[in-house]
Amino acid sequence: MQHVQLFPPGMTLLALVWLLLDATFLITLLWHLLQGCKSGHSLLCSVFQDLIRYGKTKTGLQRPAWLQWFDIPKRCFWHFYCVSLIWNGCLLWILLRLLLQSVPVPEWLQLVLHFLHAGSEPQILDRELSVILALALLWLHSLRRLLECLFVSVFSNGVIHLVQYCFGLGYYFLIGITVLTYCPLDRRTVSTDNLLTQCHWYHILGLALYIWASLHQYRCHCILAGLRKSASGNVINLNHSVPCGDWFERVSCPHYFAELLIYVSIAVVFGLLNTIWWLVVLFVLLNQALAALLCHEFYHEKFDTYPIHRKAFIPFIF
């Protein structure tokens with residue numbers, strides 16, 4: 001019986017999923033830029049706007065009352081990072097036990113990886129350090145964002161859609177799996193010395209970019225939280241104000257730009273060679289660009305004196 005190949009040579013289900021997500025958000029971004037469904041009052045337009053907006057960008061949005069049944073408080077963002085912290089922490093622990101102690105990968109995880117990554121090109125050895133660093137950076141990013149959500153950010157009564165909530169949970173599951181597929185997971189021991197010999201210039205550069213972007217993102221989140229706090233740190237209002245300072249002088253949503261740089265830094269840690277990860281970076285670019293554009297429009301509509309020189313997402317460009 002002839003074997004039927006579902007995907008093109010070298011194409012995996014995992015790559016196809018990321019391509020579909022990229023295409024979906026690209027079409028959504030272009031549709032919004034072309035004024036599609038911006039001012040329409042049809043049911044389709046209402047659902048479209050409800051699905052792409054969250055938080056303050058839903059303020060004043062005209063939508064049927066039944067759509068509010070799917071609202072989840074935006075303050076539940078911390079759920080995403082909690083799930084990521086646990087899931088990606090488990091994947092990092094499994095990988096370290098495999099490489100340092102030859103403890104085999106659980107069968108269920110092997111089945112998931114095979115299902116999503118079957119048909120890929122043969123994996124190259126000596127990628128273990130890159131994968132360890134990538135998972136560790138994702139874990140640290142999730143830890144920082146969780147702590148920021150719980151102890152820094154001041155959430156208003158903004159909401160997200162149930163679909164966005166479920167998508168966010170699935171996203172962090174998929175991210176960890178995507179990283180893990182970059183190196184072979186056969187049963188073998190890799191010494192610490194061998195891992196150190198894998199260290200290259202791009203690991204150092206990637207770590208430096210990650211730290212730089214993370215620091216700026218933290219500062220931006222502190223600036224946003226400070227708009228709703230007194231000098232003593234007490235919450236005094238839940239209003240929206242014009243943020244200033246740090247990268248806010250250049251763009252409306254520098255924390256989204258920093259998020260993109262964090263994912264680019266992980267691409268650098270991979271030596272710029274992980275093709276599927278670049279699909280992830282493209283997704284983050286399109287996703288954050290759409291969110292930044294919606295926020296940028298909100299600021300301009302709400303504040304007549306909003307600085308006209310600020311871009312929405314990427315300094316001097318977009």
Side-chain angles (χ1 to χ4, degrees), residues 18 81 84-85 87-101 120-148 172 174-186 188-222 246-247 250-251 254-285 287-288 313-317:
W18 286 114
Y81 305 116
S84 177
L85 198 68
W87 170 248
N88 290 312
C90 287
L91 293 183
L92 179 60
W93 175 248
I94 289 171
L95 179 63
L96 289 175
R97 293 188 72 200
L98 168 70
L99 297 178
L100 301 180
Q101 300 177 350
S120 62
E121 298 294 331
Q123 294 166 312
I124 302 173
L125 298 177
D126 297 334
R127 289 177 170 176
E128 293 86 0
L129 181 60
S130 292
V131 175
I132 290 173
L133 286 176
L135 277 176
L137 293 181
L138 281 174
W139 187 86
L140 288 172
H141 179 58
S142 300
L143 175 62
R144 177 180 61 81
R145 290 294 295 119
L146 176 62
L147 294 175
E148 287 176 359
Y172 284 102
L174 198 60
I175 281 290
I177 291 293
T178 302
V179 172
L180 211 56
T181 59
Y182 192 61
C183 75
L185 297 179
D186 54 340
R188 68 186 190 283
T189 303
V190 178
S191 66
T192 305
D193 291 339
N194 182 264
L195 285 176
L196 292 177
T197 60
Q198 296 180 22
C199 185
H200 295 287
W201 61 269
Y202 49 80
H203 293 128
I204 307 300
L205 180 60
L207 286 172
L209 178 58
Y210 175 89
I211 294 172
W212 182 62
S214 297
L215 286 174
H216 278 284
Q217 189 178 58
Y218 171 72
R219 289 174 186 168
C220 292
H221 287 146
C222 288
D246 204 71
W247 288 355
R250 296 295 181 187
V251 292
H255 46 311
Y256 295 161
F257 178 55
E259 185 81 3
L260 173 63
L261 292 180
I262 288 171
Y263 279 81
V264 170
S265 73
I266 296 176
V268 176
V269 165
F270 282 126
L272 306 175
L273 299 175
N274 190 338
T275 306
I276 295 184
W277 189 258
W278 280 113
L279 296 178
V280 176
V281 173
L282 179 58
F283 167 79
V284 174
L285 169 65
N287 174 275
Q288 300 293 281
F313 180 41
I314 300 177
F316 309 109
I317 299 175

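Every value quoted in this text rests on a predicted model; they were computed, and no experiment measured them. Index from 1, following the sequence.
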Minimum heavy-atom distance between [X] and [Y], given as atom pair plus value:
X	Y	result
Cys220	His255	CB-CB, 4.2 Å
Val269	Gly206	CG2-CA, 3.9 Å
Tyr210	Leu137	OH-O, 2.8 Å
Val251	Pro315	CG1-N, 3.4 Å
Ala213	Leu261	CB-CB, 3.7 Å
Leu129	Gln198	N-OE1, 3.0 Å

Can you list the steps and then say if Leu285 with Phe313 is a side-chain contact (heavy atoms from CB on, under 4.5 Å)?
CA-CA 10 Å; Leu285 169 65; Phe313 180 41; 3.7 Å; yes
Quick one: list whatever passes side-chain hydrogen bond (donor to acceptor under 3.5 Å, both in side chains) with Tyr81, sequence neighbours left out.
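Residues passing side-chain hydrogen bond (donor to acceptor under 3.5 Å, both in side chains) with Tyr81: Arg145.
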Which residues pass the side-chain hydrogen bond (donor to acceptor under 3.5 Å, both in side chains) test with Trp212, sequence neighbours left out?
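Trp212 satisfies side-chain hydrogen bond (donor to acceptor under 3.5 Å, both in side chains) with His216 once adjacent residues are dropped.
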Separation between [atom1] of [X] and [atom2] of [Y], rounded to the nearest 0.5 Å:
X	Y	atom1	atom2	result
Phe283	Gln288	CZ	CD	8.5 Å
Leu138	Leu133	CG	CG	11.0 Å
Phe270	Leu272	CZ	CG	11.0 Å
Ser130	Leu195	OG	CG	10.5 Å
Leu147	Ser142	CG	OG	11.0 Å
Asn88	Leu140	CG	CG	11.0 Å

Please name all residues satisfying side-chain contact (heavy atoms from CB on, under 4.5 Å) with [X], sequence neighbours left out, ordered by chain then number.
X	value
Leu215	Ile211
Thr178	Leu14, Trp18, Leu174, Ile276, Trp277, Val280
Ile204	Cys199
Trp93	Arg97

Quick check: does any side chain N or O of Arg127 sit under 3.5 Å from a backbone N or O of Cys183, one acting as donor and the other as acceptor?
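No, because the side chain of Arg127 does not come within donor-acceptor range (under 3.5 Å) of the backbone of Cys183.
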Tell me the side-chain hydrogen bond (donor to acceptor under 3.5 Å, both in side chains) pairs involving residues 256-274, sequence neighbours left out?
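As it turns out, the side-chain hydrogen bond (donor to acceptor under 3.5 Å, both in side chains) pairs with a partner in residues 256-274, which skip direct neighbours, are Tyr54-Tyr256, His141-Glu259, Tyr171-Tyr263, Gln217-Glu259.
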Side-chain contact test, heavy atoms from C-beta onward, threshold under 4.5 Å: evaluate it for Leu209 versus Leu205 and give yes or no.
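Leu209 does not reach Leu205 side chain to side chain.
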Audit row: Leu185, Leu95, side-chain contact (heavy atoms from CB on, under 4.5 Å) steps and yes/no:
CA-CA 8 Å; Leu185 297 179; Leu95 179 63; 3.8 Å; yes
Test log, rule side-chain contact (heavy atoms from CB on, under 4.5 Å), inputs Val268 and Tyr202:
CA-CA 6 Å; Val268 176; Tyr202 49 80; 4.2 Å; yes
Residues which pass salt bridge (Lys or Arg N to Asp or Glu O under 4.0 Å) with Arg250, listed by chain and number, not counting sequence neighbours:
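For Arg250 there are no salt bridge (Lys or Arg N to Asp or Glu O under 4.0 Å) partners, ignoring immediate neighbours.
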Mind jotting down which residue pairs meet the salt bridge (charged side-chain N to carboxylate O under 4.0 Å, His left out) criterion with at least one end in residues 209-218? Sequence neighbours excluded, please.
none
Please determine whether side-chain contact (heavy atoms from CB on, under 4.5 Å) holds for the pair Ile177 and Trp87, giving the CA-CA distance in whole Å, both sets of side-chain angles, and the decisive distance to 0.1 Å.
CA-CA 10 Å; Ile177 291 293; Trp87 170 248; 3.8 Å; yes
